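What follows is one structure encoded as structure tokens, with my remarks underneath.
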Amino acid sequence: MSVMSNPATVGSTAATERVRRSITGGKADVKGTIFMLLMLMALLMSVVILAVLVIDMVTQGRTVLTERLGDFVTGSMSSQPEASGILQGLRGTFWIGVFTVVIAFPLGIASAIYLEEYAHHKSRVARFIDVNIRNLAGVPSVVYGILGLTLFVKAMGGIVGPNSNGRSVIAAGLTLAILVLPIVIITSAEALRAVPRGIREAGFGVGATRWEVTRHHVLPYAAPGILTGTVLALARSLGEAAPLILVGATTGYLSGGTEFLDLGALTDRFTALPIIITTWAGRPGEGWVSVTAAAIIVLLVVVLVANAAAILLRNRFDKKRG
Amino acid sequence: MPAVAAVTACLALTSCGGGSTSSVVVSGSSTVEPISIAVAEFFTAGNEAEGNEKVSVSVDGPGTGDGFELFCDGLTDINDASSKIKPEQIEACESNGVEFIELPIGNDGIVMMTSESNTAVKCLSTGDIYALAGPESQGFETWAEADELATEVGGQGDLPDAPLDLIGPGEESGTYVSFVELAIEDIAEERGQELQTRPDYQASADDNIIVQGVQGSATSLGWVGFAFAREAEDVTMIEVDDGDGCVAPTETTIADGTYPLSRPLFIYVNKSVAAENDSLVRFVDHYLGEAVDSVADVGYVALSDTALAETRERWQSRTQGAA
Amino acid sequence: MLPVAQPRISLADLRGDRRRTRTEKLVRILLFAAALTSVAISAAIILSLLGQTWTFVSQVELSSLWSDGWFPRRGQYDIKTIVTGSILVSAVAMVVAVPLGLGAAVYLSEYASQRARKWLKPTLEILAGIPSVVLGFFALAFISPQVVQRIFSEATAFSMAAAGIGVGILVIPLMATISEDAMRSVPDALREASTGVGARKITTTVKVVIPAAVSGLVAAFIVAISRAIGETMVVFIAAGATGGSLFSTDVLGPGQTMTAAMASQAAGTDQVRGEALTFQSLFFVGMLLFLFTLVLNLAADRFVRRVRQAY
């Protein structure tokens, strides 16, 4: 957001530069250059790490994806790496995404609207909720797993998973929806905060109620920002594994007795792509290494495409407003 | 609120959708897990080919003991076991009204192994193993440090003066329990020690990782199931002497029990579920029928023909309880 | 509906019709309820931890909390083993993340042109989006053999060092983003004043901007530590910790953290069951972890607020 702060900053930076040049007489600053290069190297190191990671995964997982992509994507988990597939994992990850979209998005956006548009910023309730959300965002994911285990698997097991002792994709989806809720709220609230006050005032001026102003003027304006945040949250929920271990995702084998979109099977046992990766990562031998890398490539494609979309969206939006 | 709505919707859908009763849930030993997975793969493929109603099969391998906890609570249909059901587990099953059918399905040997480059160790007595990995060996950092204890408990001793890198299955694993029972228990009981290994060894739930660890050090000592040791490269399987000379772990010595560290493998089937759930019946039929070769395929020692016939008979007559 | 079309507007027209005010009230209630769910979630987390933690604390033998190692299945719940493990892994992570994250922040905030920023910043954000299981596998399959074991030949295949580096990579973006925000919120007037008295850019950055942003940098550091302590999958996959682990301070060897202890206990037992208090110990560790990160997050929050108040 701060990129687009105000054009004056840019101008004054240029001025600073001119003053500096006239003071130093344009002489090269060796120490300063080395320092700058060090800082640049620190930044580029992240780019290098990212590149090494992606290249390493592609080198190790390439053959699986080029030689048997179809079987790999539509196959079940197996005791043999050559026969292993990720269909059940994709299915679980897909449904977790659906739960995130259906539960965390509306709930998170609604909370953000309340905090930004309705609550008095100085009211105790609003401040309490605000602090609470920021702390929730910092709770380790594995602790959310404990919540999922206690609340959904144990207490509500009969409802969410009558034929899987509660360890169903519903329990997993609810747990991860709760996990990303604070992220949705925080990013949506930021987007709402960036809406110029004039837009609201114009709405109130013509006699619209607060909800009408929010719905017809504030939300459309903030929509790209909210969308960016929600897509990032979705990517996060698709990549999480730790809470799923506690909720009890199946790690060994899960047959394709279920259709991808079969709603009735939502209460059955499940697994997810990050869980499959975890399980396979623990099985050494070239064969397992390559299928793990191949599964990682699939997960990265899903998650990074979502991330990249969100970033592009925001950049375009920044440019337009900037 | 949307959460509640979603759950209600799913509930409604389940009751209209139906079909979720045809599931088979397998848990238990991580040693038997590959067999059950292989059987499940055959079963699912065969089931699809015949155009039967789809069956959801799930297999996990948390360990024999943890598996029995689930099984005796009626939460799983089959428990894979790499050691026979224990009296307290039988009690747990009985108190919950869970009746079971015990079916031996193959044999496994626990193999002591070291890196191929370690030529100093060819054969260990059970006393040596106790001295190297038993409850009294905590803190031993070289093989030679175990010498004194080894001779005291009737082992050969004379172990090399080299660093001891111990790696084995974690305590949740069936292999851990069997190792304690086969290699540690007798001597430990005699000496009034706890029935467990030393705590300071590198533990892993995954047998393949143990093999890797053994390969990784020139003076390692590790133990895993025969299946994994046989597949492993760059490791030496150590012979074991239980007083009758050194015996190498082979299919024959494990099947006939002359190799000291060998054990039978089982599946335990919930009897009352088998009476209701046709899918479970077909799954077990498959386990003991067409898919029985899986035992050997994934690296264990298949039952002899007579033993297999006995197992099939136990299943056909639904013989309740442990043999 | 269209008051503009009427010649005169009375007060009654401005009041809005009953239907609209009713919608307004309903919406307000619904939105408030939505905002309250997060409070309910916090309460649920604390409640779900509290019950079993209490059972554990009230029944456990105190001596077993300070013993040779973390062996929940043997009734040995040595806290120092898992806390030390968490601290060591986080320390390694910070050794990686602080210089790289801070350097990246300094470059982005003080040196990068608008155009360079536009390309460099998304890279950091993409790095932030990489799932932790991926970094766990990367730490095990690449960092451990290609980096850690090359430098330290005595390192084992599973080590806290490799896991720590993996966690470090994971928190670089967090460290960089919060630090950069802090430095960018330092007013340009300070930079201009510094330049005006003849300071070079490096002097301005090191002696003026960084000290002015120090609260924010401290906050970044704390948030990064909190995240590193809470990270599970990288450690679970790459640190070689299973059901139990002896007390160890050797980062080149395998180790157990609070998070990995929870995950391996749950993974090893499916239903998360075991002897006596094994199941409850999971909640106890969860509570420890929750309190650790809560304290860190509250502290970070305070520092962030200090920056906001300052400028």
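In what follows, every chain begins at residue 1, and chains take the letters A, B, ... in the order their sequences are listed. If you're wondering where the values come from, they're calculated on a predicted model, not measured in any experiment.
With a 4.5 angstrom heavy-atom cutoff, A/L44 touches chain C only via side-chain atoms. Residue C/V206 touches chain A through its side chain alone, counting heavy-atom pairs closer than 4.5 Å. Contact annotation for C/L100: both backbone and side-chain heavy atoms come within less than 4.5 Å of a heavy atom of chain A. With a 4.5 Å cut-off on non-hydrogen atoms, C/Y111 touches chain A through its side chain but not through its backbone. Looking at C/P99, only its backbone comes within 4.5 Å of chain A, counting heavy atoms on both sides. Contact annotation for A/A242: both backbone and side-chain heavy atoms come within less than 4.5 Å of a heavy atom of chain C. Heavy atoms closer than 4.5 Å to chain C are found nowhere in A/L38, neither backbone nor side chain. In this structure, the portion of C/T293 lying under 4.5 Å from any heavy atom of chain A is its side chain and not its backbone. Proximity to chain A involves both the backbone and the side chain of C/V39, based on heavy atoms less than 4.5 angstrom apart. When heavy atoms are compared at a cutoff of 4.5 Å, A/M41 does not approach chain C at all. In this structure, chain A has a heavy atom under 4.5 Å from the side chain of C/T205, while its backbone stays farther away. If you measure heavy-atom distances from C/L140 to chain A, the contacts under 4.5 Å come from the side chain alone. Heavy atoms closer than 4.5 Å to chain C are found nowhere in A/R236, neither backbone nor side chain. The contact between A/T209 and chain C is made by backbone and side chain atoms together, counting heavy-atom distances below 4.5 Å. Only the side chain of C/I169 comes within less than 4.5 Å of a heavy atom of chain A; its backbone N, CA, C and O stay farther away. For C/I229, no part sits under 4.5 Å from any heavy atom of chain A, backbone or side chain.
With A/N132 contributing its side chain and C/S42 its backbone, the two residues share no donor-acceptor pair below 3.5 Å. Between the side chain of C/E125 and the backbone N or O of A/I311 there is no donor-acceptor pair closer than 3.5 Å.
The shortest non-hydrogen separation linking C/G286 to A/V143 is O-CG2, 3.9 Å.
Chain A forms the most heavy-atom pairs under 4.5 Å with one residue out of C/Y107, C/F290, C/F283, and that residue is C/Y107.
Screening A/T150, A/I146, A/L147 against C/I45 for a side-chain contact (heavy atoms from CB on, under 4.5 Å) leaves a single residue, A/L147.
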